[in-house]
Amino acid sequence: MILLKYVNRMLVNQPMTEYVHLTIRKSTVALLLLAVLLAGCSSSNLTTDSEKAQGTTTEKAHVSTTTQAAAEAPVLSVQSISKETPKTTSATSSSPLKDGKVIVHYIDVGQGASQLIIGPSGKTILIDAGNNDKEKVVTDYLKKQNVKKVDILIGTHPDADHTGGLDAVIRTFDIGKIYMPRVQANTKTFESVLTEIAKKGLKVSTAKAGVTLEWEPDVAIEMVAPIGSYKDANDMSAVIHLTYGTTSFLFTGDAETESEKDLVQSQVNLKSDVLLVGHHGSKTSTSEAFLNRVNPTYAIIQSGKGNKYGHPTNVVMDRLAKKGIKIYRNDEQGNIVFTSNGKEINASVNEWKPIPVTKSAESVQPVSKPSDISPSPTTTEQLETVYYKNCAEAKAAGAAPLRKGDPGYRAALDRDNDGIACEK
């Protein structure tokens with residue numbers, strides 16, 4: 001057993017009552033995490049001596065009851081990529097099933113992230129579930145897709161905008177395998193996720209590079225990160241590469257510069273037709289070297305309209321535009337759906353909206369009509385009125401260091417007056 005280390009950043013003059021509350025919270029999270037990890041020890045879900053020797057772990061997912069989900073997903077083909085196009089050629093898995101499809105839903109959860117993947121036979125994977133206030137959006141969306149069971153549930157890292165809705169998903173659906181990286185957060189959100197896992201007697205497998213997921217027989221899925229241990233929880237994000245026929249997808253969580261650097265230096269296959277842009281389009285992710293290795297045709301950005309962080313940033317948008325990558329954004333197009341038959345990838349939009357929470361909610365019908373989708377403009381005016389109270393807030397938003405001209409830069413944050421704020 002390897003227990004996770006705590007992250008405890010206390011203010012010097014913090015009131016004693018707040019200190020006591022935080023200490024209790026840490027103890028509660030630690031006990032829950034210990035219980036979950038102990039439950040998983042018997043089946044070698046954590047690192048073992050044999051796992052270290054082999055360097056990879058293969059996990060088996062349970063059989064899903066949602067065999068019709070893929071066929072019923074509301075998608076409409078408007079763009080396609082031919083396998084003959086050199087830019088989109090990637091490593092192939094075994095031959096796709098006849099008429100089989102992999103459908104990837106990038107769910108609109110505002111300033112957060114959540115992706116639902118439905119395989120050729122109806123098996124499902126859910127990666128993240130948005131923030132706490134979007135948990136019903138996620139659970140309702142899954143129900144709309146006729147999901148009864150989540151065969152593989154992945155929490156890329158403990159940030160609330162990724163794990164906030166996981167507790168509701170665990171409560172609502174039958175769950176197969178659960179993967180999370182070996183990192184924790186002393187928050188009520190993370191505590192709630194661990195509580196729901198413990199209530200159902202589920203086990204947590206470690207999300208890390210080299211883990212191969214057994215899901216659909218014709219779909220190859222490998223975790224390519226985290227490769228090592230990083231101080232920043234974002235860099236501990238699980239990064240997942242999916243290959244179906246000659247098409248491929250990369251899901252990045254909030255992985256930043258350090259994780260991307262290790263991925264670029266590794267020999268792992270990163271080539272992907274569709275890239276989920278890291279950290280909602282923050283400038284701390286999607287480096288030039290990383291983007292060159294992935295070489296996508298499509299890029300998806302999951303961010304909230306008018307968010308205070310200025311996501312996606314101009315530097316990332318420009319980088320994508322210069323490479324001629326087609327950009328799709330939840331804040332502009334809502335729920336985005338990509339469908340692959342193993343040879344071509346088609347993009348569409350799912351206009352389903354959650355039922356408003358009102359007294360007369362029963363009379364409101366959700367919209368499920370599919371419609372055409374086009375990429376977002378390659379040049380977009382970004383929010384320039386971002387305000388950070390302090391450097392800690394800027395760093396938490398993934399915006400630090402701030403340079404003159406960057407959204408959120410203020411002279412008050414630039415203590416040494418060198419034109420760069422919050423650099424340490």
Side-chain angles (χ1 to χ4, degrees), residues 1-6 24-51 57-67 69 114 116-117 119 122-130 132 135-136 138-140 142-143 146-160 162-208 211-216 221 223 236 238 240:
M1 289 290 295
I2 300 178
L3 297 179
L4 304 182
K5 295 182 180 179
Y6 301 129
I24 294 174
R25 173 69 50 73
K26 286 178 58 180
S27 299
T28 302
V29 172
L31 289 172
L32 285 168
L33 185 60
L34 178 60
V36 171
L37 295 181
L38 284 174
C41 285
S42 61
S43 60
S44 301
N45 285 322
L46 297 180
T47 304
T48 64
D49 292 338
S50 61
E51 184 179 341
T57 301
T58 301
E59 301 292 348
K60 293 185 178 180
H62 296 283
V63 178
S64 172
T65 59
T66 58
T67 56
S114 182
L116 168 66
I117 309 171
K123 288 187 178 181
T124 60
I125 296 175
L126 182 68
I127 304 174
D128 293 333
N132 292 280
E135 63 181 27
K136 192 174 187 302
V138 176
T139 56
D140 285 357
L142 267 60
K143 290 176 182 177
N146 299 316
V147 173
K148 301 296 189 299
K149 177 179 182 179
V150 177
D151 294 285
I152 298 178
L153 181 63
I154 301 172
T156 58
H157 65 300
D159 282 4
H162 290 250
T163 61
L166 289 181
D167 55 348
V169 171
I170 295 169
R171 281 196 306 271
T172 306
F173 300 94
D174 186 12
I175 306 295
K177 300 289 296 184
I178 300 179
Y179 290 88
M180 295 192 296
R182 189 173 279 119
V183 62
Q184 74 173 72
N186 297 310
T187 63
K188 182 64 177 176
T189 295
F190 192 64
E191 178 185 334
S192 296
V193 175
L194 295 180
T195 297
E196 294 303 325
I197 292 173
K199 281 182 179 179
K200 282 197 170 183
L202 298 169
K203 303 171 184 177
V204 177
S205 298
T206 303
K208 62 179 181 178
V211 173
T212 299
L213 306 184
E214 287 194 4
W215 184 56
E216 295 269 9
I221 307 176
M223 289 187 181
M236 289 297 294
I240 299 101

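Closest of all the heavy-atom pairs between S192 and D167 is CB-OD2, 3.5 Å. Here the closest heavy-atom approach between residue V183 and residue M236 is recorded as CG1-CB, 4.0 Å. For the pair K123 and D151, the tightest heavy-atom approach, listed with the atom from each and the gap, is CA-OD2, 3.3 Å. Heavy-atom minimum distance, A185 versus F190: O-CD2, 3.3 Å. The heavy-atom pair separating T189 from G164 by the smallest distance is CG2-CA, 3.6 Å. Contact record, T124 with W215: O-NE1, 3.3 Å, taken as the closest heavy-atom pair.
Atom CD1 of residue I221 and atom OG1 of residue T212 lie 10.0 Å apart, to the nearest 0.5 angstrom.
You'll find the side chain of K149 stays beyond 4.5 Å of the side chain of F173, heavy atoms only. Side chains of L213 and M223 form a contact here, defined as non-hydrogen atoms less than 4.5 Å apart. For the pair L166 and E135, the minimum side-chain heavy-atom distance is 4.5 Å or more. The shortest side-chain heavy-atom distance between P181 and T156 does not fall under the 4.5 Å cut-off. Residues I170 and K200 form a side-chain contact, since some pair of their non-hydrogen atoms from C-beta on lies under 4.5 Å apart. V211 has its side chain out of reach of T206: every pair of non-hydrogen atoms, C-beta onward, lies at least 4.5 Å apart.
Here the side chain of T172 pairs no donor or acceptor atom with the backbone of T139 at under 3.5 angstrom. Of the possible donor and acceptor atoms, none in the side chain of S205 sits under 3.5 Å from a partner among the backbone N and O of Y179.
The side chain to side chain contact (heavy atoms under 4.5 Å, CB included) with L126 is formed by just one residue from the set I154, V147, I152, V150; it is V150.
Residues passing the salt bridge (charged side-chain N to carboxylate O under 4.0 Å, His left out) test with E196, sequence neighbours excluded: R171, K199.
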